[in-house]
Trainee: 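What follows is a structure written as structure tokens; I'll ask about it next.
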Amino acid sequence: MNYWLMKTEPDVYSMDDMLADKNQTTVWEGIRNYQARNFMRDGMKNGDQVLIYHSNAKPPGVIGIAEVVKEAYPDPFQFDEKSNYFDPKSSKDNPRWLAVDVKAVKKLDRLISLTELKEIEALADMRLIQRGNRLSVMPVEKKEFDLIVALV
DNA sequence: GCCAACGTTGGC
DNA sequence: GCCAACGTTGGC
């Protein structure tokens, strides 16, 4: 099993929104970064555990856990001309962008802020902590995942 | 609202 | 293939 972290802006889509969705399941769409896409395509398997991270939030931090319930498939919004995620260079024969479905496992009892994560030496190598990191989907080590969840 | 960091685009 | 210009991300 693999472990991941995925960012979302709570003003756009929050952990509470996921819990409110049907079956607590959502299409994780709109990923328009090749590195993030490749992680979804090559690494994400059903049952993988995902830390849900609120970015552009006050404060930013890890807010919940979700699980991959549908492995990578073409992101439908890339074909929708009315969508902000429409990509005229993508085609149905050769789709450029992928989505996965994730199901909420639980919301953490409290938000683990980025500030708190930065103070933990064992997490110093996490990509999330690295300066200038902008990846919205990134792998997390099992020991990092377990440590963060245990902070609550 | 600012701005550093980074990815993408497009002219050459 | 290089790289300047531009747009976006995301913490502060």
Side-chain angles (χ1 to χ4, degrees), chain A residues 2-21 26-44 48-68 71-102 104-141 143-152:
Chain A
N2 292 315
Y3 297 84
W4 309 93
L5 180 145
M6 300 203 297
K7 295 179 183 174
T8 182
E9 298 189 33
D11 289 347
V12 179
Y13 188 83
S14 70
M15 188 73 208
D16 286 337
D17 292 330
M18 199 192 315
L19 289 166
D21 280 345
T26 191
V27 178
W28 207 269
E29 35 78 12
I31 304 295
R32 295 291 181 270
N33 169 282
Y34 289 106
Q35 219 180 338
R37 179 203 68 184
N38 293 347
F39 283 134
M40 293 199 296
R41 182 187 63 197
D42 303 334
M44 272 194 195
D48 282 1
Q49 301 293 111
V50 181
L51 295 171
I52 301 299
Y53 177 89
H54 277 178
S55 63
N56 263 318
K58 295 175 188 175
V62 175
I63 187 65
I65 302 171
E67 180 178 321
V68 177
E71 293 172 10
Y73 61 97
D75 181 339
F77 291 87
Q78 70 195 307
F79 306 124
D80 179 356
E81 289 186 36
K82 289 183 228 102
S83 169
N84 287 337
Y85 295 121
F86 176 64
D87 184 346
K89 294 179 186 163
S90 188
S91 69
K92 294 204 174 175
D93 290 342
N94 187 20
R96 181 178 288 193
W97 304 113
L98 302 172
V100 296
D101 287 2
V102 298
V105 173
K106 66 171 182 178
K107 184 177 178 180
L108 300 182
D109 290 338
R110 69 181 181 88
L111 179 137
I112 312 294
S113 73
L114 179 60
T115 310
E116 183 172 352
L117 296 174
K118 281 180 173 170
E119 286 168 355
I120 299 169
E121 204 160 325
L123 299 179
D125 289 337
M126 272 189 85
R127 301 179 90 114
L128 180 72
I129 310 297
Q130 309 296 313
R131 173 188 180 83
N133 163 64
R134 288 167 49 182
L135 265 184
S136 57
V137 176
M138 69 186 83
V140 172
E141 299 288 329
K143 62 179 195 299
E144 295 167 345
F145 183 96
D146 291 342
L147 194 159
I148 291 169
V149 171
L151 290 172
V152 175

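To find a chain, count down the sequence lines: A is the first, B the second, and so on, and within it residues start at 1. The shown structure was predicted, so the numbers you read here are calculated from the model rather than taken from an experiment.
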Trainee: Rounded to whole angstrom units, what separation is found between the CD1 atom of A:Ile31 and the P atom of C:dT8?
Mentor: 16 Å

Trainee: What is the distance, rounded to the nearest whole Å, between atom CG of A:Asp11 and atom P of C:dG11?
Mentor: 12 Å

Trainee: Would you confirm whether A:Asp75, through its side chain, and A:Glu29, through its main-chain N or O, come within 3.5 Å as a donor-acceptor pair?
Mentor: no

Trainee: Ignoring the backbone of A:Tyr34, work out which of B:dG10, B:dT8, C:dG10 is nearest its side chain.
Mentor: B:dT8

Trainee: Using a cut-off of 4.0 Å on non-hydrogen atoms, how would the nucleic acid contact of A:Lys58 be classed: base, sugar-phosphate, or nothing?
Mentor: nothing

Trainee: Just the rounded figure in Å: distance from C1' of B:dG7 to CG of A:Asn133.
Mentor: 13 Å

Trainee: Nearest whole Å is fine: how far is C:dT9 C1' from A:Leu135 CG?
Mentor: 11 Å

Trainee: Respond yes when some side-chain nitrogen or oxygen of A:Lys7 is under 4.0 Å from OP1 or OP2 of C:dT8, and no when none is.
Mentor: no

Trainee: Once you round it to whole Å, what is the distance between P of B:dT9 and CG of A:Asn33?
Mentor: 12 Å

Trainee: To the nearest angstrom, how far is A:Leu128 atom CG from B:dC6 atom P?
Mentor: 14 Å

Trainee: Would you check if the side chain of A:Arg32 reaches a backbone N or O of A:Tyr85 as a donor-acceptor pair within less than 3.5 Å?
Mentor: yes

Trainee: What integer distance in Å separates A:Asn84:CG from C:dT8:P?
Mentor: 11 Å

Trainee: Calculate the interatomic distance between A:Arg32 atom CZ and C:dT9 atom C1'; express it in whole Å.
Mentor: 16 Å

Trainee: Are A:Tyr73 and A:Trp97 close enough that their ring centers fall under 6.0 Å?
Mentor: no

Trainee: Tell me which of A:Asn56 and A:Arg134 sits closer to the 5' end of DNA chain B, going by the nucleotide each one is nearest to.
Mentor: A:Asn56

Trainee: Under 6.0 Å from the CG atom of A:Asn84, do we count more than 12 heavy atoms belonging to anything else shown?
Mentor: no

